[in-house]
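Here the structure comes first, spelled out in structure tokens, and everything after it is commentary.
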2 protein chains.
Amino acid sequence: MVKPLDAPESFRTLLARRDLKFTYERRRILDLVQHLGRHFDADSLYARFKRRKERIARATIYRTLPLLLEAGVIQKSAGMGKGDFFEKTSARGHHDHMICVHCGKIIEFFNEHIEREQKRLCRKYKFRLTFHDHRLFGYCKKCQA
Amino acid sequence: MVKPLDAPESFRTLLARRDLKFTYERRRILDLVQHLGRHFDADSLYARFKRRKERIARATIYRTLPLLLEAGVIQKSAGMGKGDFFEKTSARGHHDHMICVHCGKIIEFFNEHIEREQKRLCRKYKFRLTFHDHRLFGYCKKCQA
DNA sequence: TTGAATGCAAAACCTTTGCAAGCTC
DNA sequence: GAGCTTGCAAAGGTTTTGCATTCAA
């Protein structure tokens, strides 16, 4: 298993390392992102805050996302739409995806041999893994016709 | 080894399947993309054509990229910059990446156990693999300090 | 108190679209 | 010749920035 990472912790650590402040807004964004289901983009976060009457500017979200990214709290998740998509990095319940390039179907998979090899590779290169992105593209059973 | 795929072939096949035409412009874009080194975005393709005095509109490039994507000739490659990044899908000489979220350093790796497991998974799910994207994010040796 | 962060709105960018003219098949 | 494509330029979206004000440490 990948070492479970404590998101709030790694975010605060990053801020501290850079002499940045843990503001109210950054905390709210961190919280929201953590309690969110799967994919999201900058605007959907903004919309949620707005719906709850929390006044957080789009710019603040756009400025915070890269920090969460670097802290490893979230990861980019290539959407098929426009703009960037992200998702929470979850060590537990981790799985990867097969994506049908024709119909868009997504199959989730988890393979411990692969996870194990990843860790081995990281040791070999002295690389400290925070999260990963593994996607297989091709044609699902139905679309092979 | 992943079955080497013939890019021009799969592109033409896709076009035929959809009753689309193999125009001069689409051919030029296919060629350029195939002979290009690694990463690129729509605008860098446009710039190259312009430099060579080939008059191909940005819009044409933007309209062709999704086709090349679906044909499996290219794949999305999350850049750290804005906009989409792509890279040629190469079955031969394939390798994956470790990306340092702090300094941006990229370490290339290839692991045949992982490749083998991928193929096994695809058989299991009756998924016909065209290409994949596997990236490990974290801190490189230097940035762990 | 002090440097950083936020909000707002404008600016900058990236992508998509409508339409007339030009090409494949 | 018919219908799909291209080019151009304008429209549509998304992300970034400048600056005065507010805030965390």
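Numbered from 1 within each chain, the chains take letters A, B, ... in sequence-line order.
Taking atom CD1 on A:Ile61 and atom C1' on C:dA5, their separation rounds to 14 Å, with Å as the unit. Computed from coordinates, the B:Leu65 CG to C:dC14 C1' distance equals 13 Å when rounded to whole Å. Distance CZ (B:Arg58) to C1' (C:dT17): 16 Å, rounded to an integer number of Å. B:Phe49 has its CZ atom 12 Å from the P atom of D:dT6, to the nearest Å. Between A:Tyr46 atom OH and D:dG13 atom P the separation is 16 Å, expressed in whole Å. Atom-to-atom, CD1 of B:Ile29 to P of D:dG7 comes out at 8 Å; the value is rounded to the nearest Å. The nearest whole Å value for the distance from the CD1 atom in A:Ile56 to the P atom in D:dT22 is 18 Å. One interatomic measurement links the two molecules: CZ of B:Arg18 to P of D:dT5, which rounds to 10 Å at whole-angstrom precision.
Checking D:dT6, C:dT15, D:dT14 against the side-chain heavy atoms of B:Ala42 singles out C:dT15 as nearest. Ranking D:dC4, C:dA5, D:dT15 by closeness to the B:Arg26 side chain, first place goes to D:dC4. Ranking C:dG3, D:dT15, C:dA5 by closeness to the A:Lys21 side chain, first place goes to C:dG3. For A:Glu25, the listed nucleotide lying nearest its side chain is C:dG7; candidates were D:dG7, D:dT15, C:dG7. Minimum atom distance to the side chain of B:Arg63 is reached by D:dG7, of the listed D:dC4, C:dT15, D:dG7.
Side-chain N/O atoms of A:Thr60 include one lying less than 4.0 angstrom from OP1 or OP2 on C:dG7. Residue A:Thr23 places at least one side-chain N or O closer than 4.0 Å to OP1 or OP2 of C:dT6. Residue A:Tyr62 places no side-chain N or O under 4.0 Å from the OP1 or OP2 atom of D:dT16.
With respect to A:Phe11, the side chain to side chain contact (heavy atoms under 4.5 Å, CB included) criterion is satisfied by exactly one of A:Ile29, A:Val33, A:Ile74, A:Leu67: A:Leu67.
Defined by atom type and a distance below 3.5 Å, a donor-acceptor pair is missing between the side-chain atoms of A:Asp96 and B:His134.
Take the nearest nucleotide of DNA chain D for B:Ala59 and for B:Leu15: the residue whose nucleotide is more 5' is B:Leu15. Of the residues near DNA chain C, B:Arg12 and B:Pro66, the one whose nearest nucleotide (by heavy atom distance) lies more toward the 5' end is B:Pro66.
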Stepwise side-chain contact (heavy atoms from CB on, under 4.5 Å) check, A:Arg120 with A:Glu117: CA-CA 5 Å; A:Arg120 182 172 311 183; A:Glu117 283 302 319; 3.5 Å; yes
Stepwise side-chain contact (heavy atoms from CB on, under 4.5 Å) test for B:Leu45 and B:Leu65: CA-CA 10 Å; B:Leu45 295 185; B:Leu65 254 15; 4.0 Å; yes
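Here A:Arg55 lies in heavy-atom contact (under 4.0 Å) with sugar-phosphate atoms only.
Salt bridge present: A:Arg18 and A:Glu70 bring a charged side-chain N and a carboxylate O closer than 4.0 Å.
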